[in-house]
Amino acid sequence: MPNEQKTWCIANPLASNSALAANIESICSQLNCSSINPRGSCFEPNTRIHHASFVMNLYYQANGRHLVDCNFINSGLVSLIDPSHHNCTFHSSGGLESDEPSDTWCVAKPGTSDELLQLNINFACNLVDCSAATRSGGVCYSPSTLINHASYAMNLYYQITGRKKSNCSFRETGLIVSSDPSYGNCSYSISTMQ
C-alpha cells in the first residue's frame, strides 16, 4: 500500500540548463504546459529550473508517482514538501507508489529569490563548513549558482541538526527530498542521527 504522504517532483538544483530544457521540451510535447507560458499561473519566476520543476511534477503525477517517473536522467528529485509558491500550485495526487525511502536530504526550493538563497547560505555556513560548495575549486562548487551553493549548505545544516523537518524550512525555501542530489564527485552528506 502506498504511503499517504503527498509527494512532488522537482528539478535537481544541480541539473544543467541543457538537461532541464530537454525535460521541458519532452514533457510539453506530451502534456499541457500552458501554466508556464507568459500569461500562465506558473510563469513567474521566469527561470528554467522553476519551469522544469513544474512540468516534471506534471509528468510525475500523471504517470503514477514512481521514483522512475521523477528521475529524468538524475535531474529530478522527489520532494516530501509542497514546492508551490504564490499563485503557482504544484498538484499532488498522493505519495510514492512504493515504500517511502528512509534517507532524506534538504535542497533549495526552485523559484527562491537570490536574496533568500544568499541568506540561507550565510545562515548555514555560519554553523557548518560549506567550503566544498562556496570556494572556487571545491568539489561541489560547480555549477557555480546560488541555488547549488544554497542547497549544499542547507543540506549540511539539515543533516548535522538531525534531519528534522523544521531544520529544512529556511523561511519556507527548503524542500526535503527522498532522492540523493549528489552529482559527479560532489556527495551530499547523510546523517546517521535520527
Side-chain angles (χ1 to χ4, degrees), residues 6-21 23-24 33-58 60 70 72 75-92 104-136 138 140-161 164-177 179 181 183 186 188:
K6 287 189 174 184
T7 58
W8 297 263
C9 182
I10 61 165
N12 187 331
L14 317 171
S16 69
N17 277 331
S18 59
L20 298 178
N23 292 347
I24 293 169
C33 297
S34 61
S35 292
I36 64 168
N37 290 338
R39 291 197 175 121
S41 61
C42 293
F43 180 71
E44 295 294 337
N46 183 14
T47 62
R48 187 162 290 150
I49 191 163
H50 171 65
H51 291 173
S53 293
F54 183 81
V55 301
M56 289 164 70
N57 185 62
L58 285 177
Y60 172 73
C70 185
F72 298 99
S75 65
L77 300 172
V78 173
S79 176
L80 306 179
I81 296 177
D82 186 353
S84 299
H85 60 92
H86 303 297
N87 294 329
C88 181
T89 301
F90 281 59
H91 295 286
S92 176
T104 57
W105 296 262
C106 178
V107 297
K109 181 190 265 189
T112 301
S113 71
D114 286 352
E115 178 184 358
L116 286 174
L117 292 173
Q118 188 62 57
L119 287 172
N120 294 347
I121 291 168
N122 295 347
F123 172 79
C125 295
N126 278 328
L127 302 167
V128 296
D129 179 9
C130 303
S131 59
T134 58
R135 289 207 178 111
S136 182
C140 297
Y141 184 75
S142 293
S144 180
T145 61
L146 278 176
I147 197 163
N148 172 34
H149 298 169
S151 293
Y152 183 85
M154 291 162 68
N155 183 65
L156 270 179
Y157 177 81
Y158 171 71
Q159 297 296 335
I160 288 173
T161 56
K164 296 176 186 162
K165 184 177 180 180
S166 61
N167 293 339
C168 183
S169 175
F170 292 93
R171 294 171 219 76
E172 298 182 8
T173 63
L175 297 175
I176 296 173
V177 299
S179 308
Y183 64 98
C186 178
Y188 270 52

- Should the ring pair Tyr152 and Tyr188 be called parallel, tilted or perpendicular, given that the plane angle runs from 0 to 90° and is split at 30 and 60?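 Answer is perpendicular, since the angle exceeds 60°.
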
- Query: Where does the angle between the aromatic ring planes of Phe123 and Phe170 fall among parallel (under 30°), tilted (30 to 60°) and perpendicular (over 60°)?
  - Reply: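 Taking Phe170 first and then Phe123, their aromatic rings stand perpendicular (interplane angle over 60°).
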
Pairwise distance [atom1]([X]) to [atom2]([Y]) - rounded to 0.5 angstrom:
X      : Y      : atom1 : atom2 : result
Tyr141 : Cys186 : OH    : SG    : 13.5 Å
Thr7   : Asn57  : OG1   : CG    : 8.0 Å
Asn120 : Arg171 : CG    : CZ    : 5.5 Å
Ser166 : Tyr158 : OG    : OH    : 9.5 Å
Ile10  : Ser75  : CD1   : OG    : 11.0 Å

- Query: What pairs meet the side-chain hydrogen bond (donor to acceptor under 3.5 Å, both in side chains) rule with one or both residues in residues 37-48, with sequence neighbours excluded?
  - Reply: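 Matches after skipping sequence neighbours: none remain.
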
- Look at the side chain of His149 and the backbone N and O of Ala133, then say whether any donor-acceptor pair between them is shorter than 3.5 Å.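 The answer is yes, because a donor-acceptor pair under 3.5 Å joins these two groups.
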
- Query: Between the side chain of Asn148 and the main-chain N/O of Cys140, is any donor-acceptor distance below 3.5 Å?
  - Reply: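 Such a contact is found between Asn148 side chain and Cys140 backbone.
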
Grab the two heavy atoms, one from [X] and one from [Y], that are nearest each other, plus how far apart they are.
X      : Y      : answer
Cys9   : Phe72  : SG-CE1, 4.0 Å
Asn12  : Ile49  : O-CD1, 4.0 Å
Leu175 : Pro110 : CD1-CD, 3.9 Å
Ala15  : Leu20  : CB-CD2, 3.8 Å
Thr89  : Cys42  : N-SG, 4.0 Å
Ala108 : Pro13  : O-CG, 4.0 Å

- Where do Asn167 and Tyr157 land on the side-chain contact (heavy atoms from CB on, under 4.5 Å) test, with the steps shown first? CA-CA 7 Å; Asn167 293 339; Tyr157 177 81; 4.0 Å; yes

Would you list the atom pairs, donor with acceptor, under 3.5 Å between side chains in residues 111-119 and any protein atom, with sequence neighbours excluded?
residue	atom	partner	partner atom	Å
Thr112	OG1	Lys109	O	2.7
Ser113	OG	Leu116	N	3.2
Gln118	NE2	Asn122	OD1	2.9

- Do you know which of Asn155, Leu156, Thr161 makes side chain to side chain contact (heavy atoms under 4.5 Å, CB included) with Gln159?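 Looking at Asn155, Leu156, Thr161, the match for Gln159 under the side chain to side chain contact (heavy atoms under 4.5 Å, CB included) is Asn155.
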
- Query: Hey, mind stepping through Asp82 and Trp8 against side-chain contact (heavy atoms from CB on, under 4.5 Å) and telling me if it holds?
  - Reply: CA-CA 7 Å; Asp82 186 353; Trp8 297 263; 3.5 Å; yes

- Under the side-chain contact (heavy atoms from CB on, under 4.5 Å) criterion, do Thr104 and Ile176 qualify, and how do the steps go? CA-CA 6 Å; Thr104 57; Ile176 296 173; 3.6 Å; yes

- Task: Go through the side-chain N and O atoms of Ser144 and Ser142 and say whether any donor and acceptor fall under 3.5 Å apart.
- Result: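 There is no such pair between these side chains.
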
- Task: Determine whether the aromatic ring centres of Phe43 and His51 lie less than 6.0 Å apart.
- Result: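 Between His51 and Phe43, which both carry aromatic rings, the centre distance is below 6.0 Å.
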
- Message: Walk me through whether Ile147 and Val107 qualify under side-chain contact (heavy atoms from CB on, under 4.5 Å).
- Response: CA-CA 8 Å; Ile147 197 163; Val107 297; over 6 Å; no

- Heavy-atom side-chain proximity of His91 to Ser84 below 4.5 angstrom: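 No, every pair of side-chain atoms sits at 4.5 Å or beyond.
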
- Message: Quick check: do Asn23 and Val55 have side-chain heavy atoms less than 4.5 Å from each other?
- Response: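 No, their side chains stay 4.5 Å or more apart.
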
- For Ser92 and Tyr60, run side chain to side chain donor-acceptor pair (under 3.5 Å): C-alpha distance rounded to whole Å, both residues' side-chain angles, the deciding distance at 0.1 Å, then the answer. CA-CA 9 Å; Ser92 176; Tyr60 172 73; over 6 Å; no

